[in-house]
Amino acid sequence: MIIGAMNDPKKNVAEEVALFGEMGFDYFELTIEAPGAHPDKLMREKKAIQDVLSSYNFGVLAHMPWYFSVAHPYPSIQEAISKEFCRAFDVAAEFGAKKATLHSEFLPSGIQERQVHTAKTIETIRKLHKEAEARGIELLVENFNASSFSIKDFKQLFSEVDMGMTFDVGHAFTSDGEGMENYLAQFRKRVKHVHLHDNDRRTDQHLPLGAGKVDVARVVKEIRAFYDGTITLEVHSQDRDYLRISREKLEILWYGKKKFEENKEYLQPEAKKN
Ligand SMILES: [Zn+2]
């Protein structure tokens, strides 16, 4: 398992990379999102960002704006958004990303017939999956909630498009999230990336691990039983120290306290002298 963190798109990307590098994260999940991480800005600052990324030996995963529609009721608007998705894939490829995550629709599903909403989502994702693939990127779809795209909808999507998913633990635990076990019972083989954060088991709060009501120890046990890949801590607290604390909690739960201490000693031998 390797642990990453995601930039706040309102902040300077190079500074975000340096912050996570100093905290000892293993990779960087780049959300390609205005204003701080707009595609044009990322391309202008490419050299500076890449220098910081390589100084921390960071690989990059890409994340698309969560509010970009995939089932917009106006075809011309969806077309424009899909073009922006492709521009983000271009930039993701420039930064060496091999995987990109996109959310299901965030607009309320009630504005069009449910079947239409689902069919449009699948159609857009099918196209974008191909576009990403053409750029050497594996597109992953992330669970949000049942109103947006339910387990039943995911089943339909995966029967039509052979693709992986980003399993978002926090989203699964919201009141409209359908539960971790239900997702994993169906899609554990599709999980190629994980987002982890805490909440009150009602709303999507992106809290530090242990600050909400999600049983993180149980989550780690479940995930660890079948998965050993990238886990991004999507903790959106203003005080970024909570990212570091969440990282330590995850490592201790994953490896056990003893192994965690040994790993730390191996990776940061100078820390022992102090
Ligand atoms: Zn997420």
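Atoms within a ligand are numbered from 1 in the order they appear, just like the ligands themselves. Throughout, residue positions are numbered sequentially from 1 according to the sequence presented.
- No other N/O/S atom of E234 lies as close to the Zn ion (ligand 1) as OE1 does.
- Ion pairing of D215 with R201 is absent here, as no side-chain N (NZ or NE/NH1/NH2) approaches a carboxylate O to less than 4.0 Å.
- Ring planes of W66 and F106: perpendicular class, angle over 60° (limits at 30 and 60°).
- Classification of D40 and R87 as a salt-bridged pair holds, one side-chain N sitting under 4.0 Å from a carboxylate O.
- At the Zn ion (ligand 1), the vertex angle linking OE2 of E142 with OD2 of D168 is 80° (nearest 10 degrees).
- Taking the Zn ion (ligand 1) as reference, the nearest N/O/S atom within H195 carries the name ND1.
- Salt-bridge formation is detected for the pair E45/K41: a Lys NZ or Arg NE/NH1/NH2 atom is positioned less than 4.0 Å from an Asp or Glu carboxylate oxygen.
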